[in-house]
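Given the structure is predicted, the values throughout are model-derived calculations rather than measurements.
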There are 2 protein chains.
Amino acid sequence: MYANEFDATMQMIRGKWKILILYALDEDDHRRFNDLQRTLKPVTHKILAEQLQQLLDDGLITRQDFDENPPHVEYHLTPMGQSLVPLLDAICDWGVAHVAPDKMVKLLCDE
Amino acid sequence: MYANEFDATMQMIRGKWKILILYALDEDDHRRFNDLQRTLKPVTHKILAEQLQQLLDDGLITRQDFDENPPHVEYHLTPMGQSLVPLLDAICDWGVAHVAPDKMVKLLCDE
DNA sequence: CTGTATCCTGATAGATACTG
DNA sequence: CAGTATCTATCAGGATACAG
């Protein structure tokens with residue numbers, strides 16, 4: 001249960017790594033667990049698994065298990081997750097436009 | 001120091017009441033402290049003061065002290081704060097479009 | 001009316017180790 | 001490779017009381 005529309009949207013992208021996960025999946029939509037962990041770098045194994053689970057619960061991503069050994073799992077954006085991409089772009093753009101570059105460790109989105 | 005553009009933007013609007021404060025100021029740009037507290041309702045006196053201070057620090061709002069007794073203070077959006085409004089609209093719109101209405105206690109933004 | 005200080009709680013994130 | 005469990009640290013939010 002969400003307090004309102006703002007709250008509903010924010011709950012989905014609030015987690016420290018969620019936007020970065022969604023952004024990574026938008027760039028390249030067949031990521032494996034380790035692949036994501038390497039990309040996001042200082043993220044912890046446990047935290048990544050946790051945030052992926054929440055994104056799954058919220059219906060923003062899907063999990064594809066290849067049933068191999070060693071395990072092979074890929075994550076993808078759902079249509080709902082894809083619909084969030086323009087919003088992520090807007091968040092990125094605002095940051096680029098209104099926050100001094102030297103206050104950011106690095107830039108992620110292009111343009 | 002922010003990790004990246006997403007992080008920079010999110011820091012500013014992450015607080016539980018920040019979006020609602022900005023949204024309230026956008027609707028009516030001469031709000032007093034008590035006025036805001038009544039509008040946001042279950043927000044605590046202390047928390048409201050805290051989030052206002054952070055918005056001030058981030059340059060999104062200004063504080064106008066009328067130096068009266070009893071105290072009279074009004075808050076306004078800065079140009080930077082105003083530039084955030086379209087993003088808030090986008091957040092609102094996405095919530096309305098992608099989250100079931102019966103999962104929200106109430107709707108705030110129009111349309 | 002506005003603002004601050006103290007104390008408490010739950011949520012969030014991280015370090016680490018273990019499982020199949 | 002992917003996932004889970006335990007433990008710990010930190011922070012955000014809130015209840016309450018007090019001050020100018």
Side-chain angles (χ1 to χ4, degrees), chain A residues 1-4 6-8 10-22 24-25 28 30-58 60-76 105, chain B residues 1-4 6-7 9-22 24-25 28 30-58 60-76 105:
Chain A
M1 207 58 145
Y2 309 107
N4 51 63
F6 296 114
D7 184 42
M10 290 299 284
Q11 288 290 341
M12 312 240 180
I13 60 175
R14 218 171 203 226
K16 183 164 174 183
W17 304 97
K18 285 188 185 176
I19 291 184
L20 299 181
I21 294 170
L22 295 170
L25 290 180
D28 179 3
H30 52 94
R31 299 259 191 181
R32 303 181 57 165
F33 188 95
N34 262 357
D35 189 9
L36 282 169
Q37 185 168 11
R38 260 189 308 273
T39 303
L40 307 192
K41 204 46 183 183
V43 71
T44 287
H45 186 99
K46 180 214 162 198
I47 298 299
L48 178 57
E50 221 170 78
Q51 308 239 329
L52 283 170
Q53 187 55 56
Q54 290 172 19
L55 292 172
L56 282 166
D57 293 344
D58 286 336
L60 298 177
I61 63 174
T62 53
R63 178 180 180 279
Q64 181 183 14
D65 192 335
F66 287 78
D67 274 316
E68 295 175 0
N69 208 310
H72 179 175
V73 174
E74 292 187 4
Y75 291 92
H76 314 271
V105 176
Chain B
M1 207 57 144
Y2 309 108
N4 50 65
F6 296 114
D7 184 42
T9 307
M10 290 299 285
Q11 289 289 341
M12 312 239 180
I13 60 175
R14 216 169 205 232
K16 182 165 174 183
W17 303 96
K18 285 188 183 174
I19 291 185
L20 299 181
I21 294 170
L22 295 170
L25 290 179
D28 178 3
H30 52 93
R31 299 258 190 181
R32 303 182 58 167
F33 189 95
N34 262 358
D35 189 9
L36 281 169
Q37 186 168 10
R38 261 190 307 272
T39 303
L40 307 192
K41 205 46 183 179
V43 71
T44 288
H45 186 100
K46 180 213 163 200
I47 299 299
L48 178 56
E50 220 170 80
Q51 307 240 329
L52 283 170
Q53 186 55 56
Q54 290 173 19
L55 292 171
L56 282 166
D57 292 344
D58 286 336
L60 298 176
I61 63 174
T62 54
R63 178 181 181 279
Q64 181 182 12
D65 193 335
F66 286 79
D67 273 317
E68 294 174 3
N69 208 311
H72 178 175
V73 174
E74 293 187 3
Y75 292 92
H76 313 271
V105 176

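Checked by atom type and distance alone, the side chain of A/Glu74 never pairs as donor or acceptor with a backbone atom of A/Gln64 at under 3.5 Å. In this structure, B/Asn69 contributes its side chain and B/Pro71 its backbone to no donor-acceptor pair below 3.5 Å. When atom types are taken as modelled, the side chain of B/Asp58 and the backbone of B/Leu60 share no donor-acceptor pair closer than 3.5 angstrom. Using a distance-only test at 3.5 Å, with no hydrogens or angles considered, a donor-acceptor pair links the side chain of B/Arg14 to the main chain of A/Arg14.
Considering CH2 of A/Trp17 and CG of A/Leu52, their distance stands at 12.5 Å, rounded to 0.5 Å.
Rounded to a whole Å, the NZ atom of B/Lys18 is 15 Å from the P atom of D/dC11. D/dA15 atom P lies 14 Å from atom CG of B/Leu48, rounded to whole Å. One can place CG of B/Asp35 at 13 Å from P of C/dG3, the figure rounded to the nearest angstrom. To the nearest angstrom, C1' of C/dC1 lies 18 Å from NE2 of B/His30. Remark: P of C/dT2 and CD of B/Gln37 are 10 Å apart, rounded to the nearest angstrom. Remark: P of C/dA13 and CG of A/Leu40 are 13 Å apart, rounded to the nearest angstrom. Taking atom CD1 of residue A/Ile19 and atom P of nucleotide C/dT12, one finds them 15 Å apart after rounding to whole Å. Following rounding to the nearest Å, A/Asn69 (CG) and D/dC1 (C1') show an atom-to-atom distance of 9 Å.
The phosphate of C/dG3 (OP1 or OP2) has a side-chain N or O of B/Tyr75 nearer than 4.0 angstrom. For C/dG3, the OP1/OP2 oxygens have a side-chain nitrogen or oxygen of B/Arg63 closer than 4.0 Å. Between B/Arg14 and D/dA12, a side-chain N or O to OP1/OP2 separation shorter than 4.0 Å is absent. Contact between the side-chain N/O atoms of B/Arg32 and the OP1/OP2 oxygens of C/dC1 is not found at any separation under 4.0 Å.
The A/Ala49 side chain lies nearest to D/dT4 when the options are C/dG3, D/dC1, D/dT4.
Between B/Met1 and A/Val105, the shortest heavy-atom contact is CG-CG2, 4.2 Å.
Checked against the 6.0 Å centroid criterion, the rings of B/His45 and B/Phe33 qualify as a close aromatic pair.
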>> Walk along nucleotides 14-20 of chain C from 5' to 3' and tag each nucleotide B, S or - by protein heavy-atom contact under 4.0 Å, base first, then sugar-phosphate.
In response: BBB---B
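Residue-level contact check: B/Gln51 touches the backbone only, with heavy atoms under 4.0 Å from sugar-phosphate atoms and none from bases. Residue A/Phe66 is classed as having no contact, given no heavy-atom separation below 4.0 Å to the nucleic acid.
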